[in-house]
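Since the structure comes first, as structure tokens, the remarks are kept for the end.
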Amino acid sequence: MPKKDSRIYIIDVTNRDGVQTSRLGLAKLQKTIINIMLNEMGVYQSEFGFPVTYHETHYLNANLKLAKMGVLKPIILSGWIRAIVDDVEKALALTAVKHLNISASTSKQMIRGKYRGKRSANDVIRDMTDALDYAKTHGIKTIGVNAEDASRTDLDFLIKFALAAKDHGADRFRYCDTLGYDDPFTIYERIKTIAQKVKIPIELHCHNDLGMVVASSVAGAKGAIDAGVDAYINTCINGMGERAGNADLVSVILAIQKSSGFADRYVLDERVDLSKSWQIAIYASYAFDVSVPINQPGVGANAFAHESGIHADGALKDRHNYELYDYQELGRGDTEIIETGRKITAGEYSGIRGFRNVYEKLEIRFHDDEDATRILELVRYANVHTQKPLTKRELLFIARYPEIARELMTFTPLATWKPTK
Ligand SMILES: [Zn+2]
């Protein structure tokens with residue numbers, strides 16, 4: 001039976017795994033809007049980028065300022081780096097990040113195939129604990145330690161690795177099913193064993209190569225909770241992520257809240273607000289330029305559509321006949337107004353008149369022309385950045401936080417950092 005006081009939390013990795021994916025990317029403004037929307041949705045943590053990658057620096061620091069200003073609150077913003085001291089040092093030198101996940105490869109395949117004889121399994125543990133010690137003594141508040149390719153790692157070694165992480169002050173252990181190799185049954189057993197032996201909160205980071213990503217993620221979370229520790233599921237909006245993707249954010253929430261074995265038995269972080277699902281899925285789809293599949297759980301065009309005689313008749317008599325949950329619960333059902341006549345958009349070559357027209361429709365008034373011109377210049381840059389008409393949220397963000405927008409859109413090659421030793 002699940003322990004009543006253990007919880008499942010969401011750590012969304014759209015802004016890390018989602019953007020590192022082949023052919024997918026987001027402008028820094030879009031990543032920022034996603035952080036804001038995740039916060040509004042009550043997501044516990046956003047893995048918001050790469051603190052050692054130079055082109056992320058301004059974006060990361062600008063978002064950390066938004067956190068200080070209370071705009072990105074209470075969501076935790078965490079960075080992803082390799083589990084080596086150099087990366088921690090560089091992350092601290094370039095950014096004000098206070099939460100990290102540090103990653104090492106743990107399977108024999110990867111230690112042999114990636115480190116090529118330069119690092120032994122014990123070296124991997126030592127590098128990780130050195131990085132952890134350095135981070136803990138230099139002001140990092142929380143750290144998750146990632147075992148890349150955990151699902152293909154010998155379980156005894158994985159436990160040794162996780163115990164070393166815990167001994168050196170890790171807050172969570174991230175079990176990465178990097179290749180989507182686990183199934184719900186194997187991951188349940190493995191996670192339960194690790195949780196019992198190590199007694200550390202566990203993150204589930206699963207991939208969809210065999211089509212089982214959501215099932216494996218929730219089964220892993222069940223294993224953690226049955227063993228008495230908290231579980232953190234890594235998600236991506238619309239199931240983006242390397243290759244076949246990570247666990248879809250909305251599907252994970254639905255699986256925990258609505259499935260026969262989880263609903264009312266396993267507790268999802270109470271702050272999670274399912275009613276924000278529709279808007280975040282639609283925004284991410286626009287930002288990534290990847291449409292939401294018609295049959296996507298909860299947010300696909302067909303998720304609440306009925307056509308065949310028996311189904312339509314049944315759903316009309318009582319929607320519970322053919323629907324597990326209401327479309328309103330996901331924030332669907334509003335009529336969307338689409339302008340079919342003249343439309344002025346704001347872009348990289350916009351002039352002041354069209355621009356003021358766009359903002360007047362959003363009920364934003366500028367004090368004077370100078371004020372408007374200042375925002376217009378930022379909107380032009382933002383459009384250079386995204387290469388598509390800016391959304392209402394993006395336009396409002398720029399008008400509300402022009403200095404933050406300026407910072408996160410600033411691109412100056414910064415390759416000046418050198419390790420101290
Ligand atoms: Zn991944």
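Each ligand, and each atom within it, is numbered from 1 in the order the structure gives.
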Just checking, is any N or O donor in the side chain of His306 or Glu323 under 3.5 Å from an acceptor N or O on the other one?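 Result is yes, a qualifying pair exists.
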Strictly under 6.0 Å, is that where the ring centroids of Tyr59 and Phe50 end up?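 Ring-ring flag for Tyr59/Phe50: false, centres at least 6.0 Å apart.
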Short N-O contact, Asp154 and Lys108, less than 4.0 angstrom: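 Looking at Asp154 and Lys108, the cut-off is not met.
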Electrostatic pair Arg374-Glu403, nearest N-O below 4.0 angstrom: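 Yes.
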Ser6 backbone acceptor or donor facing Asp230 side chain under 3.5 Å: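 Pair absent, no side-chain N/O of Asp230 close to backbone of Ser6.
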Could you walk me through whether Ile233 and Glu203 pass side-chain contact (heavy atoms from CB on, under 4.5 Å), step by step? CA-CA 6 Å; Ile233 295 180; Glu203 285 185 47; over 6 Å; no
Below the 2.8 Å mark, what number of protein N, O or S atoms do you get around the Zn ion (ligand 1)?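 Excluding waters, the total comes to 3.
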